[in-house]
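Scroll down for the structure; my scribbles are underneath it.
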2 protein chains.
Amino acid sequence: MISAMNEREFLKQYDKSAFEQPMFSVDNVVLTLGKGELEVLLVKRGEHPFKDCWGLPGGFVDLEKDQSIESTALRKIKEKTGVEPDYIEQLETIGNATRDPRDWSITTVFTALIAKQRCTPTDENVVLANWFAVSELSAMTLAFDHTKIIQRALKRLRDRATYSLVPCALLGEKFTLSELQKVHELILGKKLEAKVFRRRVENSGQFEETGEMTSGRGRPAAYYRLRSGTDAFNFEFIRTV
Amino acid sequence: MISAMNEREFLKQYDKSAFEQPMFSVDNVVLTLGKGELEVLLVKRGEHPFKDCWGLPGGFVDLEKDQSIESTALRKIKEKTGVEPDYIEQLETIGNATRDPRDWSITTVFTALIAKQRCTPTDENVVLANWFAVSELSAMTLAFDHTKIIQRALKRLRDRATYSLVPCALLGEKFTLSELQKVHELILGKKLEAKVFRRRVENSGQFEETGEMTSGRGRPAAYYRLRSGTDAFNFEFIRTV
DNA sequence: TTAATAGTGTCTCTTAGACATTATCCT
DNA sequence: AGGATAATGTCTAAGAGACACTATTAA
């Protein structure tokens, strides 16, 4: 009785090859701020393919534990860093017959930003998960297409840095505008005008002064934080071809 | 001998549930221009779940035929419209335990734009695939989360219409600036200034006059086409929080 | 001639960008 | 006082928006 058959059964009998499913995984480009450089979290693969290569932290969906692919991404990130990231967004999905030497394979990639000081000291896995300066990557051979994926994540981050203040997630709870500006300069690879940058921050309405000030050499700077109740990661597009 | 075992075998023995794979499919939001309204391509589902409901054209990856998920998307679109779309981009991937009543399910969604006149007259499937004005959708119950997906695709299209000229893919080979402006107005739901719009088109450098002119009532309009060699769908972001 | 549609001239207002200047700390 | 860093004042240039105006056709 056809209508009692579920679609999976139906497809199995209808066309075996149409039912054969590709492998699906989630990969994360987790970025943080190193000393004067962006760093990306990599894990050493214990199994082949690409055994002993470094690759992005990720893995398969756990149909029992995970409610969504976002849950999978967060779970994997938490496994390696001890915490949830300060910002996460879906980058893109790559699926083709060649990226995995074994078989057809699909990965949905997330980009996450995390303030390094929030990460709990790495557990026994310390040699299995580590931060690498993005400039080191050109000298490394990563698993699968992970080098290309990281490049695409960095490009997206550069886009975000030009028209949003999302990169503030790389800093902690509070930060000065100079610090935030330096992060943007680091990402964009160029100097920004302090006046222009401050205007943007103020006009965004996404931040507020904490009231605290830095101390040290030079004029003290005001600390800012995300305005409570504001989703700082909603930003408006303004025009233009 | 462990190292001779492939990862699939390994995972199977290591953790059965981690190997259990979710269903993966591709769905397409194919948009075209109806009479004064955007239309979306829907197909009537022949099998459950949501049997006899309208839903987005899509389906499973064919591991033999498809080189990538983009190939899957294009193949499915071609099956229903007879042609490849004029523009396609990946929208997002949705994967969770609840969107499919049967099981965990993942879909990568593509948004495609197509000039209606390019579509070959629908074949015997005419009642199985049809264009629906987007305004009709609120009165319809679509399969799965397809209503929400279409809304998200439309939002993305509105974004594109504000800072790119991608919507030109809804028109044919050649078009007048008035026509293109009307398309943008339709998508954005508001009037645009002719002068401003023309400036944008000219400054983009993506179009050129064909030399032909319209005839009919009123001053003739110049026809434009995509400048050859230009990827009109590359556009620059200009700033701003 | 009039209605209709295409296309331009030009003014205003906003804002990015540049850069000089002021402010406030430490030593 | 002098160096360092934070923050502001203010001028300029570019461009979006507004809208009046001109251009070219069919009826």
Side-chain angles (χ1 to χ4, degrees), chain A residues 36 158-165 168 171 174-225 235-241, chain B residues 36 158-165 168 171-172 174-186 188-225 235-241:
Chain A
R158 282 193 293 273
D159 287 345
R160 292 277 180 258
T162 63
Y163 58 79
S164 88
L165 297 169
C168 74
L171 297 167
K174 61 182 186 186
F175 44 82
T176 69
L177 293 199
S178 296
E179 287 168 353
L180 185 54
Q181 181 179 336
K182 285 198 186 74
V183 171
H184 278 248
E185 290 174 341
L186 182 61
I187 293 169
L188 295 171
K190 66 177 183 187
K191 289 288 174 193
L192 300 176
E193 282 293 321
K195 183 60 189 266
V196 174
F197 190 77
R198 301 178 89 84
R199 265 201 300 241
R200 284 194 197 179
V201 172
E202 281 160 17
N203 292 344
S204 78
Q206 295 173 339
F207 301 93
E208 64 188 5
E209 299 192 34
T210 67
E212 295 162 284
M213 305 287 279
T214 57
S215 67
R217 115 129 111 252
R219 175 174 171 175
Y223 275 115
Y224 286 77
R225 62 171 163 245
F235 39 83
E236 292 297 310
F237 285 115
I238 316 282
R239 35 149 318 147
T240 279
V241 173
Chain B
R158 282 193 294 275
D159 287 346
R160 292 278 181 256
T162 63
Y163 58 80
S164 88
L165 297 169
C168 74
L171 296 166
K174 61 182 187 185
F175 44 83
T176 70
L177 294 199
S178 296
E179 287 168 352
L180 184 53
Q181 180 179 338
K182 285 198 186 73
V183 171
H184 279 249
E185 289 174 341
L186 182 61
L188 295 171
K190 67 177 182 188
K191 289 288 175 193
L192 300 176
E193 281 295 321
K195 183 61 189 263
V196 173
F197 190 77
R198 301 178 90 84
R199 265 201 300 240
R200 284 196 198 179
V201 171
E202 282 160 16
N203 293 343
S204 78
Q206 295 172 340
F207 301 94
E208 63 188 4
E209 298 192 36
T210 67
E212 294 162 285
M213 306 286 281
T214 57
S215 68
R217 117 128 110 253
R219 173 173 171 176
Y223 275 116
Y224 286 77
R225 64 171 163 246
F235 38 83
E236 293 297 309
F237 285 115
I238 316 279
R239 21 160 331 161
T240 278
V241 173

When rounded to the nearest 0.5 angstrom, what distance separates CZ in B:F175 from OG1 in B:T210? 10.0 Å
Can you measure from CD (B:E185) to CD (B:Q181) and round to the nearest 0.5 angstrom? 4.5 Å
d(CD, B:E209; C1', C:dA6) in whole Å: 12 Å
Looking across every strand, which nucleic acid part, if any, lies under 4.0 Å from B:A194 by heavy atom: base, sugar-phosphate, or nothing? nothing
Starting at CD of A:E209, measure out to OH of A:Y223 and round the result to the nearest 0.5 Å. 13.0 Å
Find the distance B:Y223:OH to C:dA6:C1' and express it as a whole number of Å. 13 Å
Do any side-chain nitrogens or oxygens of A:R200 fall under 4.0 Å of OP1 or OP2 in C:dG17? yes
I need the minimum non-hydrogen distance between A:F197 and A:L177, along with the two atoms involved. CE2-O, 3.9 Å
How long is the line joining CZ of A:F175 and P of D:dT5, in whole Å? 21 Å
Contact check, side chains of A:F207 and A:L165, non-hydrogen atoms, under 4.5 Å: yes
Applying side-chain contact (heavy atoms from CB on, under 4.5 Å), name anything that partners B:S178, two or more places apart in sequence or on another chain. B:T176, B:K182
Find the distance B:Q181:CD to C:dT8:P and express it as a whole number of Å. 13 Å
Rounded to whole angstrom units, what separation is found between the CZ atom of A:R198 and the C1' atom of C:dA16? 17 Å
Euclidean distance, atom CD of residue A:E202 to atom P of C:dT15 [Å, nearest integer]: 14 Å
Just how far, in rounded Å, is C1' of C:dA18 from CG of A:L192? 13 Å
Taking atom P of D:dA4 as reference, at what distance in whole Å does atom NZ of A:K182 sit? 14 Å
Rounded to the nearest 0.5 angstrom, the OG-CZ distance for A:S164 and A:R200 is 10.0 Å
What does nucleotides 19-27 of chain D look like as a protein-contact string, B for base, S for sugar-phosphate only, - for none, at under 4.0 angstrom between heavy atoms? B---BBBS-
Distance-only donor-acceptor test (3.5 Å): side chain B:R199, base D:dG17: yes
DNA chain C: A:M213 or B:M213, which has the more 5' nearest nucleotide? B:M213
It should be established whether B:S178 places a side-chain nitrogen or oxygen under 4.0 Å from OP1 or OP2 of nucleotide C:dT5. no
